[in-house]
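The structure appears below as structure tokens.
Within every chain, numbering begins at 1; the chains are lettered A, B, ... in the order of the sequence lines, protein sequences first and strands thereafter. Here the structure is a predicted model, which means the values were calculated and not measured.
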Amino acid sequence: MTARPRKIFVTCALPYANGSIHIGHLLEAIQTDIWVRFQKVRGHDCLYLCADDAHGTPIMLSADQQGITPEQLIERIHAEHERDYAGFEVGFDNFHTTHSDENREVAEAIYARLDAAGHIKRRTITQFYDPVKQMFLPDRFIRGECPFCHAQDQYGDSCESCNRTYTPTDLVNPVSSISGATPVEKESEHYFFDLPAFETVLHDWVGAGHLQPEVANKLEEWFSAGLKEWDISRDAPYFGFEIPGAPGKYFYVWVDAPMGYFASLKNLLDRQGRDVAEYTGAGSDAEMYHFIGKDIMYFHTLFWPALLQGSGHRLPSNVFVHGFLTVDGKKMSKSRGTFINARTYLDHLDPEYLRYYFAAKSGSGVDDIDLNLEDFRQRVNADLVGKVVNVASRCAGFINKRFGGTLAAHIHDEALLQEFTGAGEAIAAAYEAREYARAVREIMALADKANQYIDRHKPWEIAREDPGSGELQQVCSLGLNLFRILVIYLKPVLPGLAQRSEEFLGISPQTWDDQATPLLDHRINKFKPLLTRVEKERIEAMIEDSKESLGAGDAAGTGAGDDAAEGAGAGDAGGTTAGAGDAGGATAGAGDAGAATAGAGDAGGATAGAGDAGGATAGAGDADNAGASQTGADAINKHLADDPISAEVSFDDFVKIDLRVATIARAEYVDGADKLLQLTLDLDGETRNVFAGIKSAYRPEDLVGRQTVMVANLAPRKMRFGVSEGMVLAAGPGGEEIFIVTPDTGAKPGMRVK
RNA sequence: GGCUAUGUAGCUCAGUCGGUUAGAGCGCAGCAUUCAUAAUGCUGAUGUCGGUGGUUCAAGUCCACCCAUAGCCA
């Protein structure tokens with residue numbers, strides 16, 4: 001059945017290195033993993049590659065906000081991503097990063113060939129520029145009034161309210177969402193990739209007929225609309241690779257993101273002393289597949305193949321596009337607790353439940369997939385525990401107790417066994433075609449047959465009448481053999497269950513073809529529950545936890561360092577930060593439709609999540625445009641949006657900050673300072689001189705005698721007007737909106753705040 | 001706004017080229033059973049196939065429009 005081993009290279013979309021992995025990402029990673037594991041168990045040479053998408057404006061700003069370098073940020077996220085994928089048994093052969101030497105090499109090599117072939121054009125364009133932050137603004141970082149419907153606070157590229165698209169310069173009263181400044185138009189030379197030159201090649205590639213029909217339809221629409229040149233450069237400051245020979249110009253994140261597939265492969269093959277060209281070269285005999293979400297088709301079916309063609313590489317064998325994930329019929333939502341991070345899930349539930357459920361609902365189309373939590377529980381319990389594992393459970397006892405754990409040497413019902421082994425090819429065909437739901441349906445139909453068989457022969461009755469009966473041994477032995485076949489068929493989906501079952505049966509790791517060889521006169525081990533039921537309470541607890549991770553931010557404020565565990569929370573709620581939303585949407589996050597309008601806006605910046613469920617798709621990482629409509633935005637308020645919650649800190653870090661109640665003993669203007677007031681703070685005897693930037697909101701005479709809270713152990717800082725020995729706590733965006741913190745009545749100067 | 005998809009029992013889905021009475025699993029009801037992680041087996045009820053109109057001897061299936069949902073508009 002398994003003829004000549006195929007040589008296959010598979011990728012899933014790269015998660016953006018700006019936030020945590022969530023169940024949307026996992027839908028894609030698991031669908032891909034199932035396909036890869038299927039190929040491997042069938043004996044093919046299949047490599048599964050992924051990487052973090054680590055470049056772009058959102059990451060740069062996010063790191064900036066957290067007070068760390070982009071390198072530090074992406075390193076931290078990389079470790080978290082790797083751990084979370086592994087937790088779901090996603091078996092990457094390599095998980096690399098686009099911010100790597102390999103990727104720089106790949107990007108520069110491809111660019112050099114494109115440029116030499118005349119596929120790169122240079123042109124000066126006008127763009128919005130933030131005069132305060134001194135940087136060009138991606139569309140998603142500009143907000144203003146929609147030129148069509150006049151909804152307030154819309155993104156620079158499209159309106160959440162009326163859904164129309166436009167350019168940032170069309171906005172009424174545009175504002176930079178980074179600094180709040182009014183952006184100015186400024187010229188800059190940009191580099192463009194000549195996509196239209198590849199129309200014929202791309203059209204042929206699409207016409208070859210291997211793409212999904214829905215995808216081909218969408219591409220036809222794009223072709224008829226006409227391909228346009230693609231702006232592939234961004235001006236400094238930008239976190240990415242500088243374009244060779246173009247100081248201050250960087251590759252747009254979407255240029256080097258798909259190249260990360262090659263870089264990850266190269267990183268792996270270099271270690272094995274092999275040449276990446278055997279997979280990527282124009283004459284490669286390997287198959288190459290990309291699994292992606294439907295939101296990033298343009299990049300993978302047009303830009304990427306064109307870049308490959310133009311630089312003398314092979315084209316993808318296919319691009320498998322999937323839909324998005326919804327939870328209980330709606331986009332993932334933080335307020336509903338359905339924006340579930342990978343880590344939060346793992347804190348409560350077995351990853352194989354989710355793998356099975358996703359498999360049971362995945363087809364080869366681009367339809368969205370709904371995680372219906374009640375259906376999830378019932379389905380997993382009924383199918384896996386009630387049907388599959390139950391087959392082993394109801395046979396094992398007899399074999400172990402009555403026959404010393406030894407299986408019969410004879411097949412009790414040859415025809416039934418034949419039926420099971422004979423189903424293998426149809427199931428394999430379903431896996432191969434990514435029709436996992438069909439594969440699962442057929443496997444479960446077999447499981448029903450196994451249970452019916454046991455029911456028909458009633459081993460418990462034979463045992464009562466004739467405890468040592470050969471028939472009893474044969475019936476239960478066949479039951480276990482049927483179970484073994486079911487588990488082999490499920491192995492791509494449930495590697496963990498397969499491994500535990502192999503241990504129970506006392507057999508080596510099984511391949512697909514092993515299903516044809518029954519276990520006869522074979523010694524098995526004691527049976528232990530292989531999989532436990534999904535408890536309703538566990539699901540509820542997970543949802544609760546997901547809700548909490550949104551609030552994690554405030555918690556931090558109140559000093560609750562407790563649930564440090566929810567790193568995840570930090571990740572998305574705050575962590576994701578600014579750009580994320582926009583950007584990336586790319587990565588997706590979930591947005592809560594409801595909140596969309598208002599929230600969306602804000603979300604923009606913030607948060608995270610904006611995006612949609614689909615995040616699944618991940619990969620993107622697009623700083624400016626791509627993420628566009630992804631925003632959904634959750635019901636996150638404006639302040640969180642404008643000023644996302646910082647990276648999580650440990651309790652130990654928190655207690656390092658010594659906050660004290662202080663009385664403002666003196667307050668006065670500072671000669672020559674626009675924003676500062678000089679305060680003398682009394683900490684019960686000890687006084688501190690502090691310069692506070694609150695002049696725009698307070699008059700000195702209104703402050704004297706008031707209590708506030710200060711950071712008492714901040715390193716003294718020398719300023720133009722003297723040494724400042726601490727900081728006063730205050731909230732607000734600035735200007736007249738600054739509010740100093742005041743303790744409740746009764747607090748005494750010098751008391752520690754904790 | 002334009003485009004590409006999706007909409008079938010309470011839930012999740014399958015329905016090929018238009019062709020008897022529209023299917024499965026779960027859930028539900030009844031019965032049986034007690035080997036098994038309250039698991040299993042048998043029987044049964046449940047649908048204006050999103051809506052309206054059209055083509056046809058015949059429409060879940062084809063066409064038009066509308067509604068809802070998702071994505072894309074680089």
Using a 4.0 Å heavy-atom cut-off, does [X] contact any base of the nucleic acid, only the sugar-phosphate backbone, or nothing at all?
X      : answer
A:G479 : nothing
A:V389 : base
A:P529 : base
A:L302 : nothing

Candidate pair A:W304 and A:F299, rule ring pair (Phe, Tyr, Trp, His ring centres under 6.0 Å), full reasoning: CA-CA 6 Å; A:W304 176 232; A:F299 297 93; over 10 Å; no
Using atom [atom1] of [X] as one end and atom [atom2] of [N] as the other, report the distance to the nearest whole Å.
X      : N     : atom1 : atom2 : answer
A:R464 : B:C35 : CZ    : P     : 6 Å
A:D367 : B:U69 : CG    : P     : 17 Å
A:R533 : B:C26 : CZ    : P     : 13 Å
A:E461 : B:A36 : CD    : C1'   : 15 Å
A:N372 : B:C26 : CG    : C1'   : 11 Å
A:R379 : B:C13 : CZ    : P     : 9 Å
A:M444 : B:G25 : CE    : P     : 14 Å
A:Y357 : B:C26 : OH    : C1'   : 10 Å

If you measure from the [atom1] atom in [N] to the same atom in [M], how many Å do you get, rounded?
N     : M     : atom1 : answer
B:C66 : B:A22 : P     : 31 Å
B:A9  : B:G27 : C1'   : 11 Å
B:G15 : B:U56 : P     : 29 Å
B:U20 : B:G54 : C1'   : 25 Å
B:G51 : B:U33 : C1'   : 48 Å
B:U43 : B:U48 : P     : 26 Å
B:A59 : B:C49 : P     : 12 Å
B:U34 : B:C42 : C1'   : 16 Å

Produce the list of close N/O pairs, under 3.5 Å, pairing protein atoms with atoms of nucleotides 40-42 of chain B; give distances to one decimal.
residue : atom : partner : partner atom : Å
B:U40   : O2'  : A:R394  : NH1          : 3.1
B:U40   : O2'  : A:D455  : OD1          : 3.1
B:G41   : O4'  : A:D455  : OD2          : 3.1

[Y] backbone acceptor or donor facing [X] side chain under 3.5 Å:
X      : Y      : value
A:D370 : A:D328 : yes
A:Y436 : A:Y356 : no
A:E145 : A:Q154 : no

Options [options], nucleotide nearest the side-chain atoms of [X]:
X      : options             : value
A:R441 : B:A14, B:G25, B:G71 : B:A14
A:S393 : B:G71, B:U37, B:C13 : B:U37
A:F398 : B:C35, B:A36, B:C11 : B:C35

Ring pair (Phe, Tyr, Trp, His ring centres under 6.0 Å) between A:Y261 and A:H300, worked out: CA-CA 12 Å; A:Y261 299 144; A:H300 286 81; 5.8 Å; yes
Nucleotide pairing, RNA chain B (Watson-Crick or G-U, distances under 3.5 Å), in dot-bracket with [ ] and |: (((((((..((((.....[...)))).(((((.......))))).....(((((..]....)))))))))))).
Look at the aromatic rings of [X] and [Y] and report parallel, tilted or perpendicular, splitting at 30° and 60°.
X      : Y      : result
A:F376 : A:Y353 : perpendicular
A:H119 : A:F193 : perpendicular
A:Y111 : A:F251 : perpendicular

Presence of A:K361 side-chain N/O under 4.0 Å of B:C13 phosphate oxygens OP1/OP2: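 A:K361 to B:C13 OP1/OP2: side-chain N or O found under 4.0 Å.
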Phosphate-side-chain proximity, A:K528 and B:U37, N/O vs OP1/OP2 below 4.0 Å: no
First of A:P213 and A:A225 reached from the 5' end of RNA chain B, by closest nucleotide: A:P213
Heavy-atom pair with the smallest gap, counting every atom of A:S469 and A:F403: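 In terms of heavy atoms, the two residues are closest at O-CZ, 3.4 Å.
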Cationic tip of A:R122 above A:F192 ring, under 6.0 Å, 45° of axis: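 Negative - A:R122 is either too far from the ring of A:F192 or too far off its axis.
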A:Y250 six-ring face occupied by A:R234 cation (under 6.0 Å, within 45°): no
